Amino acid sequence: MTAFALIDGNSFYCSCERVFDPKLESRPVIVLSNNDGCAVARTNEAKALGIRMGAPYFKIRSLCEREGVVALSSNYALYGDMSRRMNEIYETFSPRTEVYSIDETFLDVTDVPPGDRMPWAKDLSATIRRWTGIPTCVGIGPTKTLAKLANKAAKKLSDGVLDLTDPDERARVMANFPIGDVWGVGPANQIKLGSIGIAFADQMRDLDPRRARELMTVVGERIVYELNGQPCLPLEDVPAVRKGCAVTRSFGERVTTKLAMEQAVAGYATRLGEKLRRHGLATDHVTVFMHTSRFADNEPQRNVSMTVDLPEATNDTLQLIKASRRAVDQLWRSGYRYSKAGIITDDLVRPADRQRALFDTLDQDKASKIMQALDEANRRWGRATVFPAAMGVTRTAFSTKFERRSPRYTTRWEELPQCR
DNA sequence: TCTGGGGTCCTAGGACCC
DNA sequence: TCTGGGGTCCTAGGACCC
């Protein structure tokens, strides 16, 4: 019988910050999204103050100041590095793992005898705590959906570990488990299920799969089977090839000039090129969009996008910039205060498989050597050591704001924590 | 003044074909 | 009077995830 474990970091971003700044221990802490916009991670102390996931910071700022909540900008270099360390340790606990998100990993525990699973999970969690400083929860079940459910239920337990392999234990937990907390049931489907009287996980488990399909397509049908202990979702231990890639940002300050927009979008195109090359992928079209703030409903609104085709698939930054600049030329209208722009691609291909242009006007090999040199320089000396002039040379007002960022303790020598 | 940034999968419906 | 009957492919939009 297959069995899955799901381990995740508690208030992960906040816990990363606490590892390197012990003063944050037992204090309420939140981590903010880009531009210090919204709360995206909260410690239990912050949740207890009523701070909701996604709450805009400007709306909770006075509460935070009054209650002594520490609000930090996000520090993705730190969180990504901590995540990588944790995943290295997981691999010593299971032969097969699936990294599901920056702070969640599924582990195949089929070969751990049922009676040993609780001690195994406690050992896993304790080892992660000891070696990385991050507190975690572990849930175990016969399907991924049930492992997710067990993990969520484990958050309420003192040791943060719950094994729902046993059907009776499972039924008891599911009878009190809100349907909206089930993996795959979002707000829209929660309303649909509520309308036929389904409020808890055990009720969906007992729903006719055909009825679930009518209501929520095949996705709902799978959830019913998974809640019954029949796996529909395999462990994806070989990461799938990425299908799309996007770079989008809200501006630190509204953009009102075409030059600023061109520079911002050139920067996104540069970042897109880096991401494509790191994954060994290329694209033959890019979609550029720009829009004003939908919250500023007293201002004139504009929300436009345009797709530009490239002669052949590429991940060359200079070509991506050229294509996206053509889109900006077409889309730009003065008189608006733009709040966000971005570049999106899909249908990614491996460069070797790409469709060659009929008339090959570009020397792809030469371009690829330039990009290799660029990536190497930026890898060695830090991002944006070498960058295209189209991005502009000053750190401009539209750049994303991180006014409360902690040091990059583990990935920059000059920001290493110090003992005195 | 101030509201994130990515991803995936599924389906309906239109375009097009014979 | 009566106006076919399938297929496939593509795209936009919705829903979900973290």
Side-chain angles (χ1 to χ4, degrees), chain A residues 6 8-9 11-13 30-42 51-62 64-65 71-76 79-80 83 98-106 144-145 148 151-152 179-193 212-223 232-233 236 239-254 268 271-272 275 279 281 285 287 289 291-299 305 307 337 339-348 397 399-404:
Chain A
L6 178 72
D8 76 332
S11 312
F12 180 61
Y13 294 174
I30 61 174
V31 170
L32 304 170
S33 63
N34 275 354
N35 273 319
D36 298 340
C38 303
V40 292
R42 307 153 297 151
I51 297 175
R52 301 257 281 271
M53 182 67 176
Y57 182 52
F58 76 93
K59 284 190 179 173
I60 55 172
R61 183 174 211 141
S62 61
C64 290
E65 284 164 4
L72 298 165
S73 303
S74 37
N75 185 343
Y76 296 112
Y79 314 146
S83 171
E98 173 190 340
V99 179
Y100 177 64
S101 74
I102 193 166
D103 77 320
E104 289 175 86
T105 296
F106 287 103
K144 286 166 96 174
T145 302
K148 283 282 277 187
N151 170 282
K152 188 115 185 170
I179 194 66
D181 287 348
V182 171
W183 191 35
V185 178
N189 286 319
Q190 188 182 347
I191 290 168
K192 279 190 196 170
L193 291 165
R213 192 179 189 123
E214 285 166 17
L215 231 47
M216 301 172 55
T217 78
V218 68
V219 177
E221 186 177 10
R222 279 202 286 253
I223 293 172
C232 301
L233 307 168
E236 318 252 1
V241 175
R242 178 193 281 262
K243 297 183 166 67
C245 196
V247 180
T248 70
R249 292 284 181 283
S250 295
F251 301 125
E253 284 177 15
R254 297 276 187 266
Y268 305 155
R271 181 80 191 106
L272 181 71
K275 286 168 84 170
H279 288 97
L281 295 168
H285 58 272
T287 301
F289 74 84
H291 64 68
T292 51
S293 170
R294 66 184 191 279
F295 299 105
D297 45 19
N298 53 336
E299 289 181 17
S305 73
T307 301
R337 300 173 67 242
S339 66
K340 182 172 177 174
I343 307 185
I344 302 168
T345 64
D346 55 11
D347 303 325
L348 302 182
S399 301
T400 309
K401 284 191 178 129
F402 296 95
E403 287 173 354
R404 304 156 168 277

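Lettering of chains follows the sequences in order, A, B, ..., and the numbering in each one begins at 1. Note that the structure is predicted; figures quoted are calculated from it, not measured.
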* Considering only B/dC10, B/dG4, B/dG5, which nucleotide approaches the side chain of A/Lys340 most closely? -> B/dG5

* Just how far, in rounded Å, is P of B/dG4 from CZ of A/Arg294? -> 7 Å

* Asked: What is the distance from CG of A/Asn189 to C1' of C/dG14, rounded to the nearest Å?
  -> 10 Å

* To do: Tell me what A/Arg61 touches on the nucleic acid: a base, only sugar-phosphate, or nothing, going by heavy atoms under 4.0 Å.
  => nothing

* What class does the angle between the rings of A/His291 and A/Phe289 fall in, given that below 30° is parallel, 30 to 60° is tilted and above 60° is perpendicular? -> parallel

* Under 4.0 angstrom, heavy atoms only, what part of the nucleic acid is A/Lys401 near: base, sugar-phosphate, or nothing? -> nothing

* Please say whether more than 12 non-hydrogen atoms of neighbouring residues, nucleotides or ligands are located less than 6.0 Å from NZ in A/Lys152. => no

* Whole angstrom is fine here: how far is it from CZ in A/Arg242 over to P in B/dC9? => 12 Å

* Asked: Would you say the side-chain atoms of A/Arg271 pair up with the backbone N or O of A/Val247, donor to acceptor, closer than 3.5 Å?
  -> no

* A/Phe58 ring over B/dT3 six-membered base ring, under 5.5 Å and 30° -> no

* Integer angstrom distance from the P of C/dC18 to that of B/dT3 -> 25 Å

* Asked: Does A/Gly342 offer a backbone N or O that forms a donor-acceptor pair with the side chain of A/Thr248 under 3.5 Å?
  -> no

* What nucleotide among B/dG6, B/dC2, B/dT8 has an atom nearest to a side-chain atom of A/Lys243? -> B/dT8

* Select base, sugar-phosphate, or nothing to describe what A/Asp36 touches, counting heavy atoms under 4.0 Å on all strands. => nothing

* Asked: B/dG6, C/dA15, B/dT3: which one has an atom nearest the side-chain heavy atoms of A/Arg249?
  -> B/dG6

* To do: Classify the ring geometry between A/Phe251 and A/Tyr268 as parallel (under 30°), tilted (30 to 60°) or perpendicular (over 60°).
  => parallel

* Within the structure shown, what part of the strands sits under 4.0 Å from A/Lys192 by heavy-atom distance: base, sugar-phosphate, or nothing? -> nothing

* Pick base, sugar-phosphate or nothing for A/Val182, based on heavy-atom distances below 4.0 Å to the nucleic acid. => sugar-phosphate

* Asked: Roughly, in whole Å, what's the span from OH in A/Tyr100 to P in C/dC18?
  -> 5 Å

* Sugar-phosphate only, base, or nothing, as touched by A/Asn34 at under 4.0 Å among non-hydrogen atoms -> sugar-phosphate

* Asked: Looking for any heavy atom pair under 4.0 Å, which part of the strands does A/Gly342 touch: base, sugar-phosphate only, or nothing?
  -> nothing

* Asked: Hey, which of these two, A/Thr248 or A/Arg222, hits DNA chain B nearer its 5' end, going by closest nucleotide?
  -> A/Thr248

* To do: Would you tell me whether A/Asn75 and A/Ser73 have side-chain atoms, one donor and one acceptor, within less than 3.5 Å of each other?
  => no

* **Residue-phosphate contact under 4.0 Å: A/Ser339 side-chain N/O, B/dT3 OP1/OP2** => no

* **Whole angstrom value for the distance that separates P of B/dT3 from CD1 of A/Ile60** => 13 Å

* **Whole angstrom value for the distance that separates C1' of B/dC9 from CG of A/Asp347** => 15 Å

* **Given B/dC10, C/dC16, B/dG4, the nucleotide with the shortest approach to the side chain of A/Ala188** => C/dC16

* A/Arg254 or A/Val218: which one's nearest nucleotide on DNA chain B is closer to the 5' end? -> A/Arg254

* Structure fact -> note: A/Gln190, atom CD; C/dC16, atom C1'; distance rounded to Å ~ 13 Å

* To do: If the plane angle is over 60° it's perpendicular, under 30° parallel, otherwise tilted; pick one for A/Trp183 and A/Tyr100.
  => perpendicular

* Structure fact -> Stems for DNA chain B (at least 3 consecutive Watson-Crick or G-U pairs, under 3.5 Å) come to B:5-18 with C:5-18

* Output the single nucleotide from B/dG7, B/dG4, B/dC10 whose closest atom is nearest the side chain of A/Lys275. => B/dG7

* Asked: Does any N or O in the side chain of A/Ser74 come within less than 3.5 Å of the main-chain N or O of A/Leu32, such that one atom is a donor and the other an acceptor?
  -> yes

* Whole angstrom is fine here: how far is it from CG in A/Asp181 over to P in C/dC16? => 13 Å

* Separation between NZ of A/Lys243 and CG of A/Asp346, rounded to the nearest 0.5 Å -> 11.5 Å

* To do: Classify the nucleic acid contact of A/Glu104 as base, sugar-phosphate or nothing, counting any heavy atom under 4.0 Å across all strands shown.
  => sugar-phosphate

